[in-house]
Amino acid sequence: MEALVATAVGPLVSLLMKKASNSLLEKYKVMEGMEEQHRILKRKLPAILDVISDAEEQATAHKEGAKAWLQELKTVAYQASEVFDEFKYEALRREAKKNGHLTKLGFDVIKLLPTHNRIVFRIRMGPKLRHILQSIEALITEMQRLRFNYQPQPPVSKLCRQTDYVIIDPQEIASRSRDKDKKKIVDTLLGQAGNADLAVVPIIGMGGLGKTTLAQLIYNDTKIKEHFQLRLWVCVSGTYDVNSLAKSIVEASHQKNDNIDIPPLDRLQKFIKGQRYLLVLDDVWDREVHKWESLKGCLQYGGMGSAVLTTTRDKQVAEIVDADRSYNLSPLEDRFLKEIIEARAFNSKKEKAPELVEMVDQIVNRCRGSPLAACLLGSVLRTKTTVKEWKAIASRSSICTEETRILPILKLSYNDLPSHMKQCFAFCAIFPKNYKIDVEKLIRLWIANGFIPEQEEDSLETIGEHIFNELASRSFFMDIEKSKDVSWYYSMTTCKIHDLMHDIAMSVMGKECVVVATKEQCQTKWLPDTARHLFLLGEETNGILNDSMEKRFPAIQTLLSDSFVQISKYNSLHALKLCIDVKLLLVKPLGTTSYLLKSKYLHHLRYLDLSESCIDTLPEGISILYNLQVLDLSYCYYLDRLPRQMKYMTSLRHLYTHGCENLKSMPPGLGKLTRLQTLTCFVAAVTSPDCSDIAELHDLNLGGHLELRHLETVENAEAEVASLGNKKDLRELTLRWASVCDRKVLDNFKPHDGLQVLRTYSYGGECMGMLQNMVEIHLFHCERLQFLFRCGTSFTFPKLKVLMLEHMLDLERWWEINGMQEEQIIFPLLEKLSIGHCGKLIALPEAPFLQTPFLQEACSADTRLARSPFPALKVLELKELASFQRWGAVEETREQILFPQLEKLSIQRCPELIDLPEAPKLIILEIEYVKQEIFHWVDRYLCSLTQLTLRLYTGRTSEVDKEKWNKISPITFMNLALDCWSPFFGSGALESWDNFVHLQTLEIIGCDVLVHWPEKVLQSLLSLRKLKIVTCRNLTGYTEAPLESSKSERSQQLPSLESLELKFCANLVEMFDVPASLKRMNISECSKLEYIFGKQQGMSELFQGSSCDEAIMPAAVSESMNHFCPCLEDLELLDCDSLPAVLHLPPSLETIFIARCSSIQVLTCQLDGLQKPQVTASTNVPELPAVAAREHSFPPRLDSLKIYSCDSMLGGILRLPMSLKHLDLFRSNGWISLEPLSAEHPPSLESLLLESCRTLASLPNEPQAYRSLRYLRIKGCAALKKLPGCLQQRLGSIYFKQIAARYEVTEFNPFKPKTWKEIPRVVREWRQPAETDDPESPTDLEGMLEAIIPKILLQTELGR
């Protein structure tokens, strides 16, 4: 993309003027001896600032002289800014010395501030200042030659106007405007249900046309959600590395995936295997066919009907992925563009000017069908109020063409920004495309780099928020979301940047912002000298810094990395983010952060983010960072103390300490940090005189979130907390007592109206004050609280959205007084109510009786909603409420619906509750350990429920009203734990399960009435994919004579079943007829199980016990067995002692795990034409006794084999198939050798785990077998005397190994004379027993010494 203009240089010069005029320079005489140069510089800078606007306009008009002059000015401005940073730091150092800091540092000051002598400082800085002055004078001379004209800098607007851009709902407009497109693509995707091949649908269109928005509509479509088991969304944006993309696809899922250490492509293949998925690859650019083929080959392993939806601007990319199904997205219709422009351009609260409305059609024509262009133009026009201004915009905005696309409008939108906003937005080029940006941290980074102009009325943070809101209103930011952080505790706001807007930012910044996100980029890219802001994503990218510093010297100002980077040389840094993780601590022990953070190189640092680092302390030297404004230590779990001298860090504005669970106290004198605005966690415990107490917070203007811990140690806590509650900028307050104590801190607590969230832990009072204006209230372990709120005349909480009550043991009623005003709604906006362990609470608050106009307007026109105290409640959770009986103080009537909007109801261990309320929109119902009577109320939700969990106490049985259950239900998940009574099985159960046509997951737990496999149920559940049966003690299977049924009838039982799990069914003898669709089978603790595939199908002879001397089964029998499980991929059998001696395996198996199945002797898999085991001579195996002719044979696609404690299994040689990657043997005696099935095609193992295999004497001796090995454990294998040479050579490159020392020490490296000190260590290693659990291992010390010492003497002599 053609550069628009250089980065707005005006703000850089303005920042330089501000630094040069800093009063600290005069106060502490840091310019002593350089006063004249200083005065000249301050006089000349305004002259440049006067003409800079004209220079930028000429550069925009492609005048090369102006461009070159601006580029040189920018370079000089950066250099001068760095020089004045040094002057400012010297002033701050002198100020700290005056206040006694250097004395407190003691001898450490020598290494932290080695050049603090005033004369040395003047000698060092004088030439630098003269050089800057000469450069400025040269620029002024050239400025005069270029004849730039005077243009006054526009004043910085206060940005105080309220933007109401949020009222426009882009998704609502998109859903109407792209409805036809969506339906066509959805039909295409659903139409691939029977297609075994991967379907790929590319959406093609120019940038800004709405491809991603359309993909989002498809992704969130109800039919798509129901059809695909797994949905994944990944933004590609640019060229990609296949492994990195595979990793991103797996991590895009919320499903748990533990295989984090296997190669990414293998991990992806294993993750999607057998699942019907939809993968959206957004913004694909890469044209390299081999990358797509490699990725597609892995994606093919998904289930039938899987699909990939891509968005791209490039037709060639679409042809590469799938030209046949390409969908060319057409331009948006003009009527929708007009709707977008009007929504953006006109204030909804004011009447639209008719003359401006008439011009909208003219603007629409210039958008050429692009909704993004309409958004941008509408946002620009929003600030224009006259016809003249609108005409000027219309004339300046070139019509979008096929060649220019929407670039002209992007330029117009960017150039319309004030200069400081241009700089703030352009900085966002530091983030990768589609990166989720933390808005608060973004504003802090703007401040750290000096991008935000100062104003007397507002703080820099407030101005930064205004700038962000203005940019968001102009569509520079999108996907703005409010959420919780990783702990679901701390509130945060995130945003993204449209990829085209990101291109604009990159175009403006040029090579000043560098993003290195892949290993390929790290290997091919060097940091240019102009680089100022650097983002490193991933551990493998860190080397680019050190490599570049050897050849170039970029003055990096911002360095953001998600791992550790050694930054000792980067003394120009203003902002730094890095993470010290566990891997680093394997090299350096916990607590050695002094070597990680060298404070003497970080004097100019304003922003330091060490969040989620494994550190227990910070070096005391960090207190010399006098410029530091932000210190983020959130979620540094091991951190137990802060530097004692933090009170001298007087520039500190934000200190994040939440999530530091081991922090014991706060450093002294925090009250002296008068600029501090954010302190997220304060530990009030005073463990020594050298700590801060809570009184230090009195004079600090804290805002945002504040957590107070160990309040039990605070004297006069009531006054202290009341003082904090009145801090007007505080939004969230958390109060923690370590234990419940007799305090009345909150009895009369009256916080200011701006406080939105209150959390209290272990409060010991009996009541609370006025909390009517809260948005969230969380009360935990307030065990003495008898009633919630002490209310006056008002009983309503008009803002409350979340109320959580946990372990309130004495809570009896909601209010101090009984009775209430009839016309008030208590919780008009409450969305979530959670109550747990409140043993004395009997009922929810009573409902008002009369309808009010407010209710009718705020809730619904339906008069039945008038009496609900919870008109907006969506989630209700009740847990461990021993006395809870009623849903309200008055009974629910036909005219009264207590929960008109309720979507989730969870009830656990409420023994007195026997009924359920009406909730017409209920989706999720969870009832656990409640009386059986409550079941008779469940049917009222059948028309809306999608998830049902029932775990009921044993009680008196009663008849089920089958008529009420005779209706089609949308339930997809059902968990049933019903003890001795079940309305679903046995006598009196529901006659038909045909109504559960959408059921996909069924879990049955502890159902004693289930004796036989319920054939009618199995035939009815056509959509069931997962069946789990646990602890059904009376289940035996089929006890009657085998049924004569055809294959077609058999296939009707659970035709969609893919996963079967049976556990702790002690009397189960045989299985039902498992369908051909089955992919995963997990059976454990079924000790009587004899038949897996069903005796009645003529398969009994297949699994009856047989000795190892029998002949291999006939091929016809094998084929019959293969017919029953042609898709089975994963088999897990644990503690099943009655299974047959010969276990025949389907050839489709990829994973086998068998443990403690004492009867199994042989594993076999037979296929026509399958290669017979190849007998190879083994040079390292001792002569063996004769063994039975029968040998194990495995499926041809077997990937993982685990066998634990199967003592009866045939031993001898275990032949490994070529496909095997993971082998795990534990307490498997009898095997004496592991060998490849084919010497020409050995397996390529990735993990080899052998433990307590005492007879195992040899391993494969083919190098190919260990070429990919990452995990190795050999323990308790006494017969294995040494490792194969090819494995021995690989030991150094194995990621994780746990083997005896005797396997590693095989030869001696040459020793130099000084290595005589190594003899004790070497002896200790040789002396170590070969195996900790093998007492027979030899430990002949004298023999080892006789072997070691002569070799050492010989090598030493040779070394001389």
Side-chain angles (χ1 to χ4, degrees), residues 439-440 458-459 461-462 465 482-485 487-493 653-658 676-684 694-709 711 714 716-737 743-763 765 767-780 782 785 788-792 794-806 814-815 826-834:
V439 173
E440 184 174 306
D458 296 315
S459 67
E461 289 76 12
T462 301
E465 290 174 7
K482 291 186 177 181
S483 60
K484 301 292 184 180
D485 65 356
S487 69
W488 290 91
Y489 181 74
Y490 192 80
S491 301
M492 62 186 298
T493 302
R653 305 166 73 92
H654 307 281
L655 177 58
Y656 299 92
T657 50
H658 57 282
L676 198 64
Q677 302 173 26
T678 303
L679 176 58
T680 55
C681 180
F682 184 93
V683 182
I694 197 171
E696 297 277 1
L697 305 181
H698 278 181
D699 298 326
L700 298 180
N701 184 26
L702 296 177
H705 177 203
L706 172 62
E707 176 183 352
L708 299 177
R709 291 194 204 155
L711 282 169
V714 179
N716 194 23
E718 183 174 3
E720 301 291 354
V721 172
S723 172
L724 292 173
N726 290 323
K727 292 185 180 294
K728 63 182 179 64
D729 293 325
L730 207 59
R731 296 293 175 263
E732 300 185 26
L733 178 62
T734 301
L735 306 175
R736 289 182 186 266
W737 287 262
R743 294 291 182 93
K744 298 182 178 181
V745 176
L746 300 177
D747 283 16
N748 299 301
F749 184 55
K750 297 181 180 180
H752 68 93
D753 291 345
L755 190 65
Q756 299 176 353
V757 180
L758 176 66
R759 300 181 183 89
T760 65
Y761 294 80
S762 303
Y763 171 56
C767 63
M768 301 189 70
M770 304 289 286
L771 303 176
Q772 262 80 3
N773 291 312
M774 293 293 172
V775 176
E776 295 185 24
I777 299 176
H778 305 253
L779 305 178
F780 303 94
C782 302
L785 210 63
L788 280 184
F789 309 115
R790 175 175 290 154
C791 298
S794 174
F795 285 85
T796 184
F797 291 78
K799 301 178 182 179
L800 193 65
K801 292 186 176 182
V802 178
L803 177 59
M804 298 187 67
L805 311 174
E806 284 285 339
W814 294 81
W815 323 113
I826 309 169
F827 303 113
L829 299 180
L830 189 67
E831 296 180 355
K832 180 178 181 179
L833 173 61
S834 178

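Keep in mind that what you see is a predicted model, and the values were worked out from it rather than measured. Values below: every heavy atom of this structure, side chains too, minus hydrogens, waters and symmetry copies.
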Going through the distances and angles, do Y656 and E440 end up as a side chain to side chain donor-acceptor pair (under 3.5 Å)? CA-CA 12 Å; Y656 299 92; E440 184 174 306; 2.5 Å; yes
Atom [atom1] in [X], atom [atom2] in [Y]: separation rounded to 0.5 Å?
X    : Y    : atom1 : atom2 : answer
S834 : L803 : OG    : CG    : 8.5 Å
F682 : R709 : CZ    : CZ    : 12.0 Å
C782 : L746 : SG    : CG    : 8.0 Å
R736 : E707 : CZ    : CD    : 4.5 Å
L702 : H654 : CG    : NE2   : 11.0 Å

Is there a side chain to side chain contact (heavy atoms under 4.5 Å, CB included) between V721 and L735 once you walk through the steps? CA-CA 9 Å; V721 172; L735 306 175; 3.9 Å; yes
Taking C-beta and beyond as the side chain, do [X] and [Y] meet within less than 4.5 Å on heavy atoms?
X    : Y    : answer
L829 : L800 : no
T657 : L679 : yes
L771 : F749 : yes
V757 : L733 : no
L830 : F797 : no
S491 : R731 : no
L655 : T678 : no
L724 : L706 : yes

So, T796 versus Q772: side-chain donor-acceptor pair below 3.5 Å or not? no
So that I can tick it off, tell me whether R653 and E461 are bridged by a salt bridge, with the cut-off set at under 4.0 angstrom between side-chain N and carboxylate O. yes
Would a distance-only check, ignoring hydrogens and angles, find a side-chain to backbone donor-acceptor pair under 3.5 Å from [X] to [Y]?
X    : Y    : answer
T734 : R759 : no
H752 : L730 : yes
T760 : Y763 : no
K727 : H698 : yes
T493 : K482 : no

Take L779 and L788 through the test side chain to side chain contact (heavy atoms under 4.5 Å, CB included) and record every step on the way to the result. CA-CA 10 Å; L779 305 178; L788 280 184; 3.7 Å; yes
Could you check whether the rings of F780 and H778 sit parallel, tilted or perpendicular, using 30° and 60° as the cut-offs? parallel
Residues forming a salt bridge (charged side-chain N to carboxylate O under 4.0 Å, His left out) with E720, sequence neighbours excluded: none
Sorted by chain and residue number, the salt bridge (charged side-chain N to carboxylate O under 4.0 Å, His left out) partners of E806 (sequence neighbours excluded) come out as none
Intermediate values then yes/no, side chain to side chain contact (heavy atoms under 4.5 Å, CB included), L755 and N773: CA-CA 8 Å; L755 190 65; N773 291 312; over 6 Å; no
